[in-house]
Amino acid sequence: MSEGDIGILVDSSITVILYTVLALALAFTGIKHMREKKKAKALAEEQGQPANA
């Protein structure tokens with residue numbers, strides 16, 4: 001159908017919206033993971049335990 005044109009992946013506004021939602025979900029998941037890791041490291045250091053990197 002697209003005859004090799006990759007522009008079909010972003011031609012529709014719904015695909016752009018879905019890609020945006022996907023990117024935001026991935027970003028928020030990554031940020032949440034980094035915050036939890038940082039919080040766990042701080043808690044471990046506060047308790048006098050060596051923090052695992």
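For the side-chain contact (heavy atoms from CB on, under 4.5 Å) test, residues two or more places apart in sequence or in another chain that qualify with Thr20 are Val16, Leu24. Not counting sequence neighbours, the partners of Gln47 by the side-chain contact (heavy atoms from CB on, under 4.5 Å) test are Leu43, Gln49.
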Check residues 6-14 and write down every donor-acceptor pair under 3.5 Å in which the side-chain atom is one partner and the other belongs to a residue at least two apart or another chain.
{"residue": "Ser12", "atom": "OG", "partner": "Ile14", "partner atom": "N", "Å": "3.3"}

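Put simply, CE on Met34 and OG1 on Thr29 are 11.0 Å apart, with the number rounded to the nearest 0.5 Å.
A side chain to side chain contact (heavy atoms under 4.5 Å, CB included) with Lys41 holds for exactly one of Glu45, Lys37, Lys39; it is Glu45. A side chain to side chain contact (heavy atoms under 4.5 Å, CB included) with Tyr19 is found for one member of Val21, Ile17, Thr15 and no other, namely Thr15.
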